[in-house]
Amino acid sequence: TNWPQAFLGLTFNWGALLGWGAVHGSLAPAAVLPLYASGVAWTLLYDTIYAHQDKEDDVKVGVKSTALLFGDNTKGWLA
């Protein structure tokens with residue numbers, strides 16, 4: 001997939017849902033869904049920027065990423 005940063009965001013920010021549930025005893029969708037979605041978006045953004053450092057190596061070994069997918073249009077995608 002060209003979206004490993006999105007999968008990282010989905011799994012990495014799962015802790016926000018678990019933490020909320022542990023503290024409050026339930027999941028309030030009005031609170032946790034924006035929290036989770038913003039965490040996923042932030043992870044996608046910063047890891048795409050970070051992935052640009054390894055683009056040449058990723059191409060050599062065949063690893064896909066949003067940095068390669070977005071290419072020179074990354075600013076437009078992340079703005």
Side-chain angles (χ1 to χ4, degrees):
T1 180
N2 289 316
W3 296 92
Q5 286 75 18
F7 287 102
L8 175 67
L10 292 171
T11 56
F12 188 71
N13 290 287
W14 190 252
L17 300 177
L18 296 176
W20 182 280
V23 170
H24 296 282
S26 66
L27 295 177
V32 298
L33 291 180
L35 175 66
Y36 183 63
S38 62
V40 171
W42 176 251
T43 304
L44 176 64
L45 186 133
Y46 83 73
D47 202 55
T48 296
I49 294 169
Y50 183 70
H52 273 277
Q53 297 179 37
D54 300 325
K55 286 192 302 187
E56 293 81 15
D57 294 329
D58 290 349
V59 170
K60 287 178 187 176
V61 297
V63 174
K64 298 177 183 176
S65 71
T66 51
L68 293 174
L69 179 66
F70 299 160
D72 292 336
N73 297 319
T74 298
K75 275 189 181 180
W77 278 96
L78 299 182

**Complete:** Distance col, row Asp54:CG vs Lys60:NZ, nearest 0.5 angstrom, shows 11.0 Å

**Prompt:** Just how far is it from atom CG of Asp58 to atom NZ of Lys64, taken to the nearest 0.5 Å?
**Reply:** 12.0 Å

**Request:** Please answer: with hydrophobic residues joined when any side-chain heavy atoms are less than 4.5 Å apart, are Trp42 and Trp3 in the same cluster?
**Result:** yes

**Item:** From Leu45 atom CG to Leu78 atom CG, the distance as rounded to the nearest 0.5 Å
**Value:** 5.0 Å

**Request:** Report the distance from atom CG of Leu33 to atom OG of Ser38, rounding to the nearest 0.5 Å.
**Result:** 10.5 Å

**Item:** OH (Tyr50) with more than 12 external heavy atoms under 6.0 Å
**Value:** no

**Request:** To the nearest 0.5 Å, tell me how far His52 NE2 sits from Ser65 OG.
**Result:** 7.5 Å

**Item:** By ring-ring contact (aromatic ring centres under 6.0 Å, His included) - contacts of Tyr36 (at least two apart)
**Value:** none

**Asked** Is Leu68 reachable from Leu8 through a run of I, L, V, M, F, W or Y residues, each pair having side-chain heavy atoms under 4.5 Å apart?
**Response** no

**Heavy-atom pair of closest approach, residues Leu17 and Leu27** = O-CD2, 3.4 Å

**Asked** Using a distance-only test with no angle check, is there a side-chain donor-acceptor pair under 3.5 angstrom linking Thr66 and Gln5?
**Response** yes

**Asked** Any chain of hydrophobic side-chain contacts (each under 4.5 Å) joining Leu35 to Leu44?
**Response** no

**Request:** Mind checking ring-ring contact (aromatic ring centres under 6.0 Å, His included) for Trp14 and listing every partner two or more places apart, or none if nothing turns up?
**Result:** none

**Request:** Scan Thr11, Thr48, Asn13 and name whichever one has a side chain to side chain donor-acceptor pair (under 3.5 Å) with Thr43.
**Result:** Asn13

**Request:** Could you grab the distance from atom CZ of Phe70 to atom CG of Asn2, nearest 0.5 Å is fine?
**Result:** 9.0 Å

**Asked** Same cluster or not: are Leu69 and Val63 linked, directly or through other Ile, Leu, Val, Met, Phe, Trp or Tyr residues, by side-chain heavy atoms under 4.5 angstrom apart?
**Response** no

